[in-house]
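Let me begin by presenting the structure, written as C-alpha cells, before commenting on it.
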Amino acid sequence: MRKCYTRPCNFYYGSYAKNLIVAKKALSLTGRSNIAFDQVEVFYRKKKQIAESKFYSIQKIKQLDKDTLQTVEKDLKNITQKRKNILGLKFDVPMIMGALNVTPDSFSDGGLFFEEKKAYDQATLIINSGATILDIGGES
C-alpha cells in the first residue's frame, strides 16, 4: 500500500508560467509550457487513513526522506509528462465534459431524461453547448 500521494499546487499560466519553467522555478503540468506549478502537497497515509498533508516547494522536494522522495519523483514524472491522444481526443487544450443521467431515480435530476427522446434531446443540447465528451450514466 502506498504511504503517500502527491498533488501539484500553486499554478501559474501563460508567459509567466513559461518563464518559471525555463528558470527551473516551476514544473510544467502535463508537458504544457503555459501551465506551471511550483509547489506540491504530499498526503501521508497512516494505517488505512490519510493522516496529514504537507506542502513543499519544488526546490525543497530533494530534502524529503528517501522513500517519500522516490514516490514523489515518480508521481511528478506522471504529472509533468505530455498526455497522449486517446480515441482522437487531444489533451493539449481544455475540454468540457457533459454528464447525462438516464436513470429514473437520478439524484441530480430526478429522472428528467429517462425517456429516450428527452435523453437524445439533452445529449444534443450538451454537445451543441460545447461538450467534447459526453458521460452517460444509466442502469445496466
Side-chain angles (χ1 to χ4, degrees):
M1 179 181 305
R2 287 182 65 141
K3 293 183 180 175
C4 67
Y5 300 86
T6 310
R7 179 175 73 101
C9 301
N10 211 26
F11 291 92
Y12 302 93
Y13 303 91
S15 60
Y16 190 70
K18 290 178 188 179
N19 293 336
L20 289 173
I21 293 167
V22 169
K24 299 193 185 294
K25 292 182 178 179
L27 299 173
S28 70
L29 182 67
T30 66
R32 298 176 62 190
S33 63
N34 63 341
I35 302 177
F37 62 97
D38 66 359
Q39 204 174 70
V40 295
E41 183 177 13
V42 179
F43 296 89
Y44 295 93
R45 179 186 291 274
K46 293 192 178 173
K47 297 194 179 178
K48 294 188 177 187
Q49 302 177 37
I50 299 281
E52 66 179 339
S53 72
K54 292 184 181 177
F55 291 90
Y56 301 96
S57 71
I58 297 304
Q59 287 80 21
K60 303 258 179 177
I61 290 172
K62 296 288 184 196
Q63 297 173 2
L64 293 168
D65 67 81
K66 181 183 168 187
D67 291 336
T68 304
L69 179 61
Q70 282 182 323
T71 301
V72 169
E73 285 181 334
K74 184 178 177 183
D75 289 345
L76 284 174
K77 182 178 178 184
N78 290 329
I79 292 166
T80 60
Q81 75 182 4
K82 188 174 181 178
R83 299 296 189 252
K84 296 179 181 177
N85 298 342
I86 300 172
L87 298 171
L89 295 174
K90 296 181 180 182
F91 294 98
D92 56 347
V93 295
M95 290 181 275
I96 297 172
M97 181 172 90
L100 174 62
N101 294 307
V102 291
T103 56
D105 58 352
S106 171
F107 66 90
S108 64
D109 62 29
L112 289 175
F113 308 110
F114 183 64
E115 294 175 25
E116 187 176 334
K117 170 104 173 82
K118 289 181 180 179
Y120 179 83
D121 290 344
Q122 185 65 13
T124 302
L125 176 65
I126 291 170
I127 292 166
N128 290 339
S129 296
T132 304
I133 302 167
L134 181 58
D135 175 9
I136 301 174
E139 297 176 332
S140 53

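All values below were derived from every heavy atom in this structure, side-chain atoms included, with hydrogens, water molecules and symmetry-related copies excluded.
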Lys62: which residues meet the salt bridge (charged side-chain N to carboxylate O under 4.0 Å, His left out) condition with it, sequence neighbours left out?
Glu73
Closest heavy-atom pair, Met95 versus Lys90, reported as atoms and distance to 0.1 Å, is CE-O, 3.2 Å
Measure the OG1-CE distance between Thr132 and Met97 for me, rounded to the nearest 0.5 Å.
11.0 Å
Between CG of Leu20 and CD1 of Ile35, what distance do you get to the nearest 0.5 Å?
13.5 Å
For Tyr13, the ring-ring contact (aromatic ring centres under 6.0 Å, His included) test, sequence neighbours excluded, returns none
Which atom pair, heavy atoms only, marks the closest approach of Ile61 to Val72?
CG2-CG1, 4.0 Å
Which heavy atom of Ala131 sits nearest to which heavy atom of Gly98, and what is that distance?
CB-N, 3.9 Å
Taking all heavy atoms of Phe55 and all of Cys9, pick out the closest pair and write down the distance.
CE2-SG, 3.8 Å
Could you list the residues that satisfy side chain to side chain contact (heavy atoms under 4.5 Å, CB included) with Lys54, not counting sequence neighbours?
Tyr44, Glu52, Tyr56
Name all pairs fulfilling the side chain to side chain donor-acceptor pair (under 3.5 Å) condition that reach into residues 22-42, sequence neighbours left out, sorted by first residue then second.
Arg7-Glu41, Asn10-Asp38, Tyr12-Asp38, Glu41-Ser53
With sequence neighbours left out, what residues match Thr6 under side chain to side chain donor-acceptor pair (under 3.5 Å)?
Asp75
Using residues 117-128 as the side-chain source, report each donor-acceptor pair under 3.5 Å to any protein atom, sequence neighbours left out, with the distance given to one decimal.
{"residue": "Lys117", "atom": "NZ", "partner": "Asp121", "partner atom": "OD1", "Å": "3.2"}
{"residue": "Lys117", "atom": "NZ", "partner": "Asp121", "partner atom": "OD2", "Å": "3.0"}
{"residue": "Thr124", "atom": "OG1", "partner": "Tyr120", "partner atom": "O", "Å": "2.9"}
{"residue": "Asn128", "atom": "ND2", "partner": "Thr124", "partner atom": "O", "Å": "3.3"}

Nearest heavy-atom pair of Leu64 and Thr68: which atoms, and what distance?
CD1-CG2, 4.0 Å
Please report the shortest heavy-atom distance between Val102 and Phe113, naming the atom on each side.
CG1-O, 3.5 Å
